[in-house]
Amino acid sequence: MTTAADTYPLHFELTPNDAARADAERETMLSDPGFGKYFTDHMVSIEWTTEGGWHDAAVLPYGPLTLDPAASVFHYAQEIFEGIKAYAHEDGSVWTFRPEANARRFARSAARLALPELSAEDFIESLKQIVRVDKGWVPTSDETSLYLRPFMIATESFLGVRAAHKVGYYVIASPAGAYFTGGVTPVSIWLSENFSRAGKGGTGAAKTGGNYAASLLPQEEAYAHGCSQVLFLDSVDTTYIEELGGMNVVLVYKDGTIVTPESDSILEGITRDSILQLAADRGHKVERRRVSLDEWKTGVESGDIVEVFACGTAAVVVPIAELKGEGFSIVSPVAGPDSLTLSLRAELTDIQYGRRADPHGWLTRLDA
Ligand code: PLP
Ligand code: COI
């Protein structure tokens, strides 16, 4: 598809929000942000057309988008998104984590959805723009962050099925506490045996709304069984573990080996990649390979698998206490304070919040 080369680097016009929230109201929201409930005063908007490339980069007051009912995103779901956090450090500076990796994944998602590529420079600049104008929205209490949601949609109005010639890119921001209401309390997950999230050659590796739409019904099934996430198997053999609706899965073996599913239909998580790197730095053997459901079941039963956890930007790292399915339940060992799960989680968040050195150069400053 077309690249941003003709307009790069973009210049962003700022229109300040005259109706920005009062300090007191914002502080109330920041004191208990939850996840994805509140939005900051501004948003980024950039337009793209086949003829003009990327243009009209702007930071605008947060507010509704005006789209024609025939905009093709509503009909054919030509859409992609990212999730990335801004972290306040103790000295008041604001940083993000591996934005180049999110930019690369956004470009891969764009290619799969026949959307135009936004350069990594413009992607990262858009994050800086919103954080600079809404810096007062970055929460500072423990384990909180400003969750940034860049997304791209097909805005052209027509009903034929083809890639749109008009596209919008936006970034909105939302102060975030824990994704799960129980914080780092272990979660139970439900094995979806009737539904797949992605198929061979489909869009599973792209971060696109359709994958999440496909996960909603099985996710409801999970809730009905008292579970907070759903685990999908591969859709070809229904034998191998893929991932959760919004997180990757990692298994820890007794001998310290760490195993995570490899598949071309799952999202390549940046949290997972970082956790595996930190584990490898500590000398753990790390394996990315196919993992069958049976391996999980028998491994936990025999004691060979000693920890199971889920990870992702929103959820960070959460121990999986139990895997439930029709007629079975596999209870994992409890992830105690000395568990690898919690110690890798602490190492990762210490880097993200600037409490420990960043040996891999993962942090990028956003507010300066
Ligand atoms: N898998 C899915 C389906 C996700 O939605 C996410 C969250 O972004 C992940 C995995 C984890 O990816 P990351 O760690 O990059 O957030
Ligand atoms: C993220 O972790 O950033 C995601 O996009 C997952 C979503 C379930 C919130």
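Residues take their numbers from the sequence shown, with the count starting at 1. In each ligand, atom 1 is the first atom listed, and ligand 1 is the first ligand listed. In this text, all values refer to a predicted model and were calculated from it rather than measured experimentally. Keep in mind that the numbers below use all heavy atoms, side chains included, and drop hydrogens, waters and symmetry copies.
Ranking the protein heavy atoms by distance from atom 1 (C) of ligand 2 puts Tyr147 OH, 3.4 Å first. Nearest protein neighbour of atom 5 (O) of ligand 1, counting heavy atoms only, is Tyr212 OH, 2.4 Å. Protein heavy atom in closest approach to atom 6 (C) of ligand 1: Gly246 O, 3.2 Å. Among protein heavy atoms, the minimum distance from atom 12 (O) of ligand 1 is reached at Gly269 CA, 3.3 Å. Atom 2 (O) of ligand 2 has as its closest protein heavy atom Ala314 N, 2.8 Å. The protein heavy-atom contact nearest to atom 8 (C) of ligand 2 is Tyr179 OH, 3.4 Å. Considering only non-hydrogen protein atoms, atom 14 (O) of ligand 1 sits nearest to Thr271 OG1, 2.6 Å.
Not close to ligand 2: Met247, with no non-hydrogen atom less than 4.0 angstrom away. Within the 4.0 Å heavy-atom shell around ligand 2 one finds Lys207.
Residues Val230 and Leu244 form no side-chain contact, since every pair of their non-hydrogen atoms from C-beta on lies 4.5 Å or further apart. With contacts defined as side-chain heavy-atom distances shorter than 4.5 Å, the pair Gln78/Val73 does not qualify. In this structure the side chain of Gln129 never reaches within 4.5 angstrom of the side chain of Ile124, judged on heavy atoms.
Checked against the 6.0 Å centroid threshold, Phe106 and Tyr169 count as a close aromatic pair.
For a threshold of 3.5 Å applied to N or O pairs, the pair formed by Thr313 and ligand 1 contains at least one separation below that value. Considering backbone and side-chain N/O of Leu244, none are found under 3.5 Å from N/O of ligand 1.
Between Arg105 and the options Glu268, Glu82, Glu100, a salt bridge (Lys or Arg N to Asp or Glu O under 4.0 Å) holds for only Glu82. Shown are Val171, Val133, Leu127; of these, the side-chain contact (heavy atoms from CB on, under 4.5 Å) with Val44 is made only by Val171. The one candidate from Asn248, Ile266, Leu267 that meets the side-chain contact (heavy atoms from CB on, under 4.5 Å) condition with Glu242 is Ile266.
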Is there a side-chain contact (heavy atoms from CB on, under 4.5 Å) between Leu191 and Leu323? Walk through the geometry before answering.
CA-CA 7 Å; Leu191 174 73; Leu323 171 63; 4.1 Å; yes

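Relative to the ring axis of Tyr353, Arg356 does not place its NZ or CZ within 45° and under 6.0 Å from the centre. In this structure, Lys85 forms no cation-pi arrangement with Phe97, as its terminal cationic atom is not both closer than 6.0 Å to the ring centre and no more than 45° off the ring axis.
Listed by atom number, the atoms of ligand 1 under 4.0 Å from Gly312 heavy atoms are 11 (C), 14 (O), 16 (O). For ligand 1, the atoms closer than 4.0 angstrom to any heavy atom of Arg105 are 12 (O), 13 (P), 15 (O). Residue Gly246 has at least one heavy-atom neighbour below 4.0 Å for each of these atoms of ligand 2: 6 (C), 8 (C). Taking every heavy atom of Gly83 and a limit of under 4.0 angstrom, the matching atoms of ligand 2 come to 3 (O). Close approach of ligand 2 to Thr313 (heavy-atom distance below 4.0 Å) involves ligand atoms 2 (O), 3 (O). Numbered from 1 in the order shown, with element, the atoms of ligand 1 that lie under 4.0 Å from a heavy atom of Gly245 read 3 (C). Per-residue contacts place Phe81 under 4.0 angstrom from the following atoms of ligand 2 (heavy atoms of the residue considered): 5 (O). Annotation for ligand 1: atoms under 4.0 Å from non-hydrogen atoms of Glu243 are 1 (N), 2 (C), 3 (C), 10 (C).
For Asn211 and Thr208, the side-chain atoms include no donor-acceptor pair closer than 3.5 Å.
Only the side chain of Lys207 comes within 4.0 Å of ligand 1, judged by heavy-atom distances. Neither the backbone nor the side chain of Gln229 has any atom closer than 4.0 Å to an atom of ligand 2 (non-hydrogen atoms only).
The pair Arg289-Glu295 meets the salt-bridge criterion, with a side-chain N (NZ, NE, NH1 or NH2) lying under 4.0 Å from an Asp/Glu carboxylate O. Electrostatic pairing of Lys297 and Asp294 does not count as a salt bridge here, judged by no charged N lying under 4.0 Å from a carboxylate O.
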